[in-house]
Amino acid sequence: QLQFVESGGGLVQPGGSLRLSCAASGFTLDNTAIGWFRQAPGKEHEGVSCLGRSDFARYYADTVKGRFTIPRDNAKTTVYLEMNSLNPWDTAIYYCAAAPCWVRGMSKRGNYWGQGTKVPVSS
């Protein structure tokens with residue numbers, strides 16, 4: 001099965017930081033736009049951030065802009081979500097998937113969804 005694998009989640013205190021990882025399973029990340037999504041309890045999926053094909057664009061939702069970054073490794077095998085200054089309302093299951101991405105927005109649809117990684121933000 002072709003999918004992404006998320007990892008790095010775990011309990012973190014408000015104001016803390018966490019780095020999530022997204023790695024491809026069964027296919028390459030070459031020329032692939034990758035989006036990070038999250039779903040909080042009782043809420044819909046929302047786009048958080050994305051990295052465009054060949055790194056041509058990076059997008060951050062207003063709710064995370066200035067706090068999150070989306071770096072990748074030089075080998076283009078893994079994309080990360082660096083989360084800083086976390087708030088309790090950042091609590092969610094975080095997913096990554098292949099999704100169109102551009103400077104001013106990202107697609108709400110994705111392919112090859114992973115199982116997600118849980119990020120509880122609580123003291």
Side-chain angles (χ1 to χ4, degrees):
Q1 181 180 351
L2 302 180
Q3 68 176 67
F4 289 101
V5 179
E6 304 93 342
S7 62
L11 179 65
V12 60
Q13 295 182 338
S17 300
L18 203 63
R19 175 188 282 192
L20 306 182
S21 298
C22 175
S25 177
F27 62 100
T28 180
L29 293 177
D30 290 348
N31 298 317
T32 301
I34 299 176
W36 280 99
F37 304 80
R38 69 184 181 185
Q39 185 170 24
K43 296 186 177 180
E44 298 180 354
H45 285 275
E46 65 172 326
V48 176
S49 180
C50 64
L51 180 65
R53 180 181 177 182
S54 300
D55 296 352
F56 84 96
R58 294 173 188 264
Y59 166 80
Y60 301 94
D62 290 340
T63 52
V64 305
K65 189 175 297 183
R67 300 188 296 117
F68 291 11
T69 60
I70 184 169
R72 72 184 305 172
D73 66 340
N74 292 331
K76 299 183 179 181
T77 58
T78 306
V79 173
Y80 306 93
L81 184 66
E82 189 75 32
M83 305 184 294
N84 302 300
S85 301
L86 285 163
N87 307 122
W89 50 92
D90 292 315
T91 296
I93 301 177
Y94 285 74
Y95 303 87
C96 63
C101 176
W102 56 97
V103 173
R104 290 176 287 183
M106 63 184 293
S107 176
K108 296 182 179 180
R109 301 179 180 179
N111 295 314
Y112 312 120
W113 293 92
Q115 296 297 315
T117 185
K118 295 180 180 179
V119 180
V121 183
S122 176
S123 59

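Of the inter-residue distances, the one linking L81 atom CG with T69 atom OG1 reads 7.0 Å to the nearest 0.5 angstrom. Distance check, rounded to the nearest 0.5 Å: CD of E82 to OG of S21 gives 9.5 Å. Between R38 atom CZ and T63 atom OG1 the span is 4.5 Å, to the nearest 0.5 Å. The structure places NE2 of H45 at 14.0 Å from CZ of R109, a figure rounded to the nearest 0.5 Å. How far CH2 of W113 is from CD of E6: 9.0 Å, rounded to the nearest 0.5 Å. Here Y94 contributes atom OH and S7 contributes atom OG; the two are 15.0 Å apart, rounded to the nearest 0.5 Å.
Although no hydrogens or angles enter the test, the distance criterion places a donor-acceptor pair under 3.5 Å between the side chain of T91 and the main chain of V121. Judged purely by atom type and a 3.5 angstrom limit, Q39 has no side-chain atom pairing as donor or acceptor with the backbone of A92. Put simply, the side chain of T117 gets close to the backbone of G9: a donor and an acceptor are under 3.5 Å apart. Listed for the Y95 side chain is no donor-acceptor partner under 3.5 Å among the backbone atoms of F4.
Placement of Y112 and L51 within a single hydrophobic cluster is found when ILVMFWY residues are connected by side-chain heavy-atom separations under 4.5 Å, directly or transitively. The hydrophobic clustering, which links ILVMFWY residues whose side-chain heavy atoms are closer than 4.5 Å, places F37 and Y80 apart. M106 is connected to I93 through a chain of hydrophobic side-chain contacts under 4.5 Å among Ile, Leu, Val, Met, Phe, Trp and Tyr, so both are in one cluster. In the hydrophobic clustering of ILVMFWY residues, with side-chain heavy atoms under 4.5 Å counting as a link, W36 and V12 come out together.
In this structure, P120 and G10 approach most closely via the heavy-atom pair CD-O, 3.5 Å. When all heavy atoms of G35 and C50 are compared, the pair lying nearest together is CA-CB, 3.8 Å. When every heavy atom of S85 is checked against every heavy atom of D90, the shortest pair comes out as O-OD2, 4.4 Å. Between S54 and N31, the closest heavy-atom pair is OG-OD1, 3.2 Å. In this structure, C101 and G52 approach most closely via the heavy-atom pair SG-N, 3.7 Å. The two residues Y59 and G105 make their nearest non-hydrogen contact at CD1-N, 3.4 Å.
The closest side-chain heavy-atom distance from I34 to C22 is below 4.5 Å. You'll find the side chain of M83 reaches within 4.5 Å of the side chain of V119, heavy atoms only. Counting only heavy atoms from C-beta outward, the side chains of I70 and Y60 approach each other to under 4.5 Å.
Environment of CZ in R72: crowded, with over 12 heavy atoms of neighbouring residues, nucleotides or ligands closer than 6.0 Å.
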